[in-house]
Amino acid sequence: MSPVVARVVPDVTGLDKQFDYLVPDAWREDVGAGTVVRVGLAGRRVGGWVVAVGPPDPDVPAAKLRPLAKVTGHGPSAALIDLAAWASRRWAAGRLRPFLLAASPPRAVPALPAPAVTAGRPGPVDAGAARLLAGGGGVVRRPPSADPVPVVLAAAAVGPTLIVTPSVDQARLLGARLRRAGLSVAVVPRDWAAAAGGVDVVVGARAAAWAPMPVVGAVVVLDEHDEALQEERAPTWHARDVAVERARRAAAPCVLVSPVPTLNALDWAGDRVSAPTRNEERAGWPILEVVDRRNDEPWRRSLVSSPLIKALRDPERTVVCVLNAPGRARRLACRSCRALQRCERCQAAVAQTRDGLLRCARCGTERPVVCQVCGSSALVVLRPGVSGLREELEAAAGRPVVEITGDSADEAADAAAAVFVGTEAVLHRVPRADVVAFLDIDDELLAPRFRADEQALVLLARAARVLGPRADGGRLLVQTRLPHHEVLDAVLHADPGRLSGPALARRRELGLPPVRALAVLSGAGAEELAGALRTDPTVAVAGPADGRYLVRAADPDALGAALAAAPRPASRVRVEVDPPRI
DNA sequence: CGGACAAGCTGA
DNA sequence: CAGCTTGTCCGG
């Protein structure tokens, strides 16, 4: 018999090469593209993935070939390996490993269970979603508090369905409900083997876009707008885009579901959008109360307005206050000499931390609470942070106010209280409220990020979910100096579509996604890579600004091709394609 | 990534 | 010239 070799991607970080190994005759049946193996490499044993099997490469001297050391079990299928190669190019990763890792079981899977596919009618389906699924898929817009299950059931009626959600908790909860409805369900990564064997529904968080399925009948991405769907470390792959491409390759319909679909999703869908009726959508959003801060008396700097005080004082109501400013104070001035307090090293404004020190947000330098100009220790707060605000709110409310921070998890204190204050993390921690107040929504509306408008709307949709449908009587209170901003207008009319048009026009004007594809280069080698890309007529390079370069291309494919073609510098470069926060 | 090996520096 | 650090290359 002629020898058979396996091309293996070793599971070793920073090693983006593939190596050939002999497949022992006894294992020929067990080894194919996607098999997880162990191999000897440079004197040690490492895990790896077989990405291809075939005759020996004539460029590799036969004497160097060593046999595979062990067959561990099942891994990503050939189709997923191809998808990983696509993603590697799409997000300029230059390696397969991060994607193969996402597509692999958490533990060895020596054998797959038999398929467990049911044939039932588990419940009513969403008509709009069903229509889209029949036509290849699209965007399904549904109000914030709408139940996703009818959409999922519409997809499950088409065939084995892959569902991607932003969080593991959401996936588990949904999995349990679908199981109760009579479907066979695999929640990945836990039930990886069952998913690979074949079930009605595979559900999981971001990495579920890479879950194993013998047949992909339909794909659903829930809360498509949620930034948790994007990997934050490079390669910054987005589960929505992976899911869309996977569905396309499988010729399966894909639906992206969200109360506030992103421009990326709408751009992909074109006219394949299902929106609720005006009445349904209005019923699914809470009433918006806009507090116009331009009416504040000029001497009044407080973020606690009278409509907010009214809500705080009502003992019957659970109130959540959101301010994206951690710490005691964000901006301070000296009481005696009026000097704005800045960092002595880098001149940025200093903030006061929870433990009372002054800290520079840019360089991290800390100093005690002393005016750098006159030495006075009496400072006035120009702009409070969450910790400082808590006391002010408590005084106004006349009842306990609990600060919720990103890390603290004092469930007991949470349960006893009815007024909460925190950064946006508070919206993930408090399940239900009667009032959600954004103390300074302008922070979000005016944030210097190109997706600021979308992200502000996402925040408001999250609050809407905490408040429940309009019939529950919850109130979304926003304090602003921009009462007619498109984002607030969209929420006021419970019509996210009002933002899409103007926002897309701005993106077009500025050459930003989804109109053009974008990458950010940073790190020591950024300059060199940017220089190489400047000779490529298919991309436009801007910068440097803050040591970073922006690279634009007509679309993600062109961007990926240009980044793959440019020689990688020896020094480190971080390439962020579709940068989530710019 | 981690090991092997070569080149360069230091101290006696 | 041993002993050590730093850098570059390579693994099948």
Side-chain angles (χ1 to χ4, degrees), chain A residues 1-78 80-82 84-85 87-89 91-108 189 207 210 231-237 521-529 531-532 563-577:
Chain A
M1 262 199 293
S2 54
V4 171
V5 301
R7 173 139 292 188
V8 173
V9 172
D11 183 8
V12 175
T13 48
L15 176 61
D16 50 358
K17 280 174 77 176
Q18 304 180 1
F19 300 91
D20 291 345
Y21 291 85
L22 281 169
V23 180
D25 292 344
W27 294 347
R28 284 200 186 179
E29 295 298 310
D30 310 322
V31 173
T35 308
V36 179
V37 294
R38 288 189 79 75
V39 294
L41 182 73
R44 57 207 168 113
R45 279 279 187 98
V46 298
W49 297 271
V50 175
V51 292
V53 170
D57 180 343
D59 295 343
V60 178
K64 286 180 109 181
L65 282 178
R66 317 220 286 110
L68 296 170
K70 188 182 173 215
V71 173
T72 306
H74 292 266
S77 64
L80 282 173
I81 293 171
D82 286 347
S88 168
R89 194 177 168 84
W91 283 281
R95 59 216 150 100
L96 291 178
R97 183 176 174 270
F99 306 108
L100 295 179
L101 216 49
S104 294
R107 270 176 297 282
W210 299 95
E231 174 65 52
E232 49 201 25
R233 294 163 311 207
T236 50
W237 60 274
L521 315 180
S522 57
E527 187 179 354
E528 196 184 331
L529 183 56
L563 288 166
R568 277 295 167 109
S571 31
R572 279 194 160 280
V573 204
R574 181 175 153 89
V575 181
E576 268 185 297
V577 176

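All chains are named by letter (A, B, ...) in the order of the sequence lines, taking the proteins before the strands, and each is independently numbered beginning at 1. Here the structure is a predicted model, which means the values were calculated and not measured.
Atom CG in L15(A) sits roughly 7 Å away from atom C1' in dG11(C) (whole-Å rounding). What separates CZ of R38(A) from P of dG11(C) is a distance of 21 Å, to the nearest Å. F19(A) has its CZ atom 11 Å from the P atom of dC10(C), to the nearest Å. Note: CG (L101(A)) to P (dC1(B)) measures 15 Å, nearest angstrom. Atom C1' of nucleotide dG12(C) and atom CG of D20(A) are separated by 6 Å, given to the nearest angstrom. Straight-line distance from the CZ atom of R66(A) to the C1' atom of dG11(C): 10 Å, rounded to whole Å. Between the CD atom of Q18(A) and the P atom of dC10(C) there is a distance of 18 Å, rounded to whole Å. Between K17(A) atom NZ and dG12(C) atom C1' the separation is 9 Å, expressed in whole Å.
Here D57(A) pairs with R7(A) in a salt bridge; the nearest charged N to carboxylate O distance falls below 4.0 Å. D11(A) has a carboxylate O that lies under 4.0 Å from a charged side-chain N of R97(A), or vice versa, which qualifies the two as a salt bridge.
Side-chain contact between Y21(A) and L41(A) is present, with heavy atoms from C-beta onward closer than 4.5 Å.
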Pair V51(A)-L100(A), side-chain contact (heavy atoms from CB on, under 4.5 Å): steps then yes or no:
CA-CA 10 Å; V51(A) 292; L100(A) 295 179; 4.3 Å; yes
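At the phosphate of dG11(C), OP1 or OP2 sits under 4.0 Å from a side-chain N or O atom of K64(A).
Judged by distance alone, with hydrogens and angles left aside, R44(A) brings a side-chain donor or acceptor within reach of the base of dC1(B), the pair sitting under 3.5 Å.
Checking dG12(C), dG11(C), dC1(B) against every side-chain atom of R7(A), the shortest atom distance belongs to dG12(C).
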